[in-house]
Amino acid sequence: MLEETILLPAHLIYPLFLVEGKIKADEIKSLPGIFRLNLDDISKEIEECLKVGVSTFVIFPVVAEKHKDKKATYSYSPKNFYLNAIRVLKKRFPQVILMSDVAMDPYSSDGHDGLVVNGEINNDLTLPILGRMAVAQAEAGIDIIGPSDMMDGRIGFIRNELDKQKFTDVSIMSYTAKYASAYYGPFRDALDSAPKSGDKKTYQMNPANKYEALREAVLDEQEGADMLMVKPALCYLDVIHLLKENSTLPIAAYNVSGEFAMLKAASANGWLNYEQAMPEQLLSIKRAGADIILTYFAKDFGRLFKKLNS
Ligand code: PBG
């Protein structure tokens, strides 16, 4: 009766990695239990998740090197396997909510989220590329557009492009406070998307900064974001709390790949009890103020929740 924080499978978003064609499922070494999946395998994974109450998914494409170029043109190409898979998934599972990732890195030969011009990221020349990518994703049936690129002004730009194309009811979850973090390592292994040179510190945030997150939040609100996200989650619980206290928008937190990998590794060694530590991690993120959590634990949490409540 007095429990203050309630965590349900419905609060979770499960990240999935999609490969082209019929390639067999292959486990990501640094993300034990998480696989690169083809369309049919992803469909099976979604079915299993639905049985345990997880019905929102963020889908990331594993893009072959041959499709990558400087301007990430494949990201909005009619031949893009990811966009075509989204169309199929929306038909197969009309009840699921699908979220995308908007950033150039999976499609960019430079491995950066923005356009590299003379060795630097050009913020303003990146915006039209992100806009085209977002509209292509909305056309394919994505419900929540997830700009993770951290360019300035992209939320307003993308909102405007979506509205012009009559996608007024497609929402935007902004990666509002995304830090330049070492904890994205396993994700970059999964997509082979690490920057070819330099780092992401000119556009992702400095881990030392908290109030800058508030400035980012104000801008994203003004530009039309529907939800604000903090990423990573565990090292940034204070930032989650700060945004929750200062915005009426729903707050999401991304419990990132490195956070998942740490707990998986410790549990595999018998150093931590997975079924106890995993819900504690998620609960702490919720208690800090996250309404929604993107997490690789989603399916396991759903299963555990079902086991404990049946
Ligand atoms: C790409 C993107 C990243 C993640 C989500 N979208 C990596 C990065 O910015 O380099 C990381 C997710 C994770 O680590 O789980 N824009």
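Counting convention: from 1, in listed order, for ligands and their atoms alike. Residue indices begin at 1 and follow the sequence shown.
- If you number the atoms of ligand 1 from 1 as listed, the ones under 4.0 Å from a heavy atom of Tyr254 come out as 12 (C), 15 (O).
- Remark: distances from the non-hydrogen atoms of Lys231 to ligand 1 include one below 4.0 Å.
- Residue-to-ligand polar distances keep Tyr175 apart from ligand 1: every N/O pair is separated by 3.5 Å or more.
- Taking the centre and axis of the six-membered ring of Tyr184, the NZ or CZ atom of Lys178 falls inside the cone set by 45° and 6.0 Å.
- In terms of modelled atom types and a separation under 3.5 Å, the side chain of Gln281 and the main chain of Phe260 share no donor-acceptor contact.
- With ligand atoms numbered from 1 in the order given, ligand 1 contributes 16 (N) to contacts under 4.0 Å with heavy atoms of Ala103.
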Counting only pairs under 3.5 Å, give me each side-chain donor-acceptor contact of residues 246-253, with atom names and distances, residues two or more places apart or in other chains.
from, atom 1, to, atom 2, distance (Å)
Asn246, ND2, Leu242, O, 2.7
Ser247, OG, Glu221, OE2, 2.7
Ser247, OG, Leu249, N, 3.0

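- Both the backbone and the side chain of Val256 come within 4.0 Å of ligand 1, judged by heavy-atom distances.
- Regarding atom 16 (N) of ligand 1, its nearest protein heavy-atom neighbour is Ser148 OG, 2.8 Å.
- Atoms of ligand 1 lying under 4.0 Å from any heavy atom of Asp105, numbered from 1 in the order shown and given with element: 1 (C), 16 (N).
- Residue contact annotation: Tyr296 has a non-hydrogen atom under 4.0 Å from ligand 1.
- The proximity of Asp149 to ligand 1, defined as any non-hydrogen pair under 4.0 Å, does not occur for either the backbone or the side chain.
- Atom 14 (O) of ligand 1 has Ser257 OG, 2.7 Å as its closest protein atom, hydrogens excluded (heavy atom only).
- Proximity of a side-chain donor or acceptor of His67 to a complementary backbone N or O of Ser75 within less than 3.5 Å is not detected.
- Judged by distance alone, the side chain of Asn122 and the main-chain N or O of Leu125 form a donor-acceptor pair under 3.5 Å.
- A donor-acceptor pair under 3.5 Å is formed between the side chain of Lys286 and the backbone N or O of Ile6.
- Distance from atom 2 (C) of ligand 1 to its nearest protein heavy atom, with residue and atom name: Lys178 NZ, 3.4 Å.
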Name every donor-acceptor pair, under 3.5 Å, that has one atom in a side chain of residues 295-302 and the other anywhere in the protein, sequence neighbours excluded.
from, atom 1, to, atom 2, distance (Å)
Thr295, OG1, Asn255, OD1, 2.8
Thr295, OG1, Phe297, N, 3.0
Tyr296, OH, Tyr254, OH, 2.8
Lys299, NZ, Glu45, OE1, 3.1
Lys299, NZ, Glu45, OE2, 3.2
Lys299, NZ, Glu48, OE1, 3.1
Asp300, OD2, Tyr274, OH, 2.5

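- If you check the side chains of Asp226 and Ser171, you find no donor sitting under 3.5 Å from an acceptor.
- For ligand 1 and Lys200, the ligand atoms under 4.0 Å from any heavy atom of the residue are 8 (C), 9 (O), 10 (O).
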